[in-house]
Asks: 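One structure, pasted below without further comment.
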Amino acid sequence: MSEHTTVVVSNKNVGVAIILTFLLGPLGMLYSTIFGAIVMLVVSLVVGVLTLGIGLFVTQPICILWAALAAAAYNKKIVTRASA
């Protein structure tokens, strides 16, 4: 008799990823991508200091886009694994 183990993995909500990143900046990206959050935290700190905060108007939309794409990619990977 063979036993099957079922692992339940939940999807990441793209809307939640966008809202968290909009409100918390790179820290909100931790919901969808840890690597991306660390990268954008460093980039945002450097850009923010060098431009006295003005550059954050550029880095914030990049963070939001990256978080949304990372959440969508995670969900796609989960669906692909489940169907394999």
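Values reported hereafter were calculated over all heavy atoms of this structure, with side chains retained and with hydrogens, waters and symmetry mates removed.
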Asks: To check you understand the geometry: which heavy-atom pair defines the closest contact between Leu20 and Tyr31, and what is its length?
Replies: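 Closest heavy-atom pair between Leu20 and Tyr31: CD1-CB, 3.7 Å.
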Asks: Using modelled atom types and a 3.5 Å cut-off, is there a donor and acceptor pairing between side-chain atoms of Gln60 and backbone atoms of Pro26?
Replies: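 A pair under 3.5 Å: no.
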Asks: Say you draw a straight line from CD1 of Ile64 to CG of Leu69; how long is it, rounded to the nearest 0.5 Å?
Replies: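 Between Ile64 CD1 and Leu69 CG, I get 12.0 Å after rounding to 0.5 Å.
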Asks: Please report the interatomic distance OG1(Thr51) to CZ(Phe57), rounded to the nearest 0.5 Å.
Replies: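 Reported to 0.5 Å precision, the distance equals 9.5 Å.
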Asks: Kindly give the heavy-atom pair with the smallest separation between Val14 and Ala72, and that separation in Å.
Replies: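 The answer is CG2-N, 4.0 Å.
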Asks: Can you measure from CG (Asn13) to OG (Ser32) and round to the nearest 0.5 angstrom?
Replies: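 If I round to the nearest 0.5 Å, the distance is 11.0 Å.
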Asks: Going from OH on Tyr74 to CG on Asn11, what distance comes out if it is rounded to the nearest 0.5 angstrom?
Replies: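 Separation between the atoms: 7.5 Å.
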Asks: Got a second to check how far Lys77's NZ is from Lys12's NZ, nearest 0.5 Å?
Replies: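 Atom-to-atom, Lys77:NZ and Lys12:NZ are 9.0 Å apart.
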Asks: Rounded to the nearest 0.5 Å, what separates atom CD1 in Ile62 from atom CG in Leu56?
Replies: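 So the gap between those two atoms works out to 11.0 Å.
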Asks: Would you tabulate the side-chain donor-acceptor contacts of residues 34-50 under 3.5 Å, counting partners in other chains and residues two or more places apart, or write 'none'?
Replies:
| residue | atom | partner | partner atom | Å |
| --- | --- | --- | --- | --- |
| Ser44 | OG | Met40 | O | 2.8 |

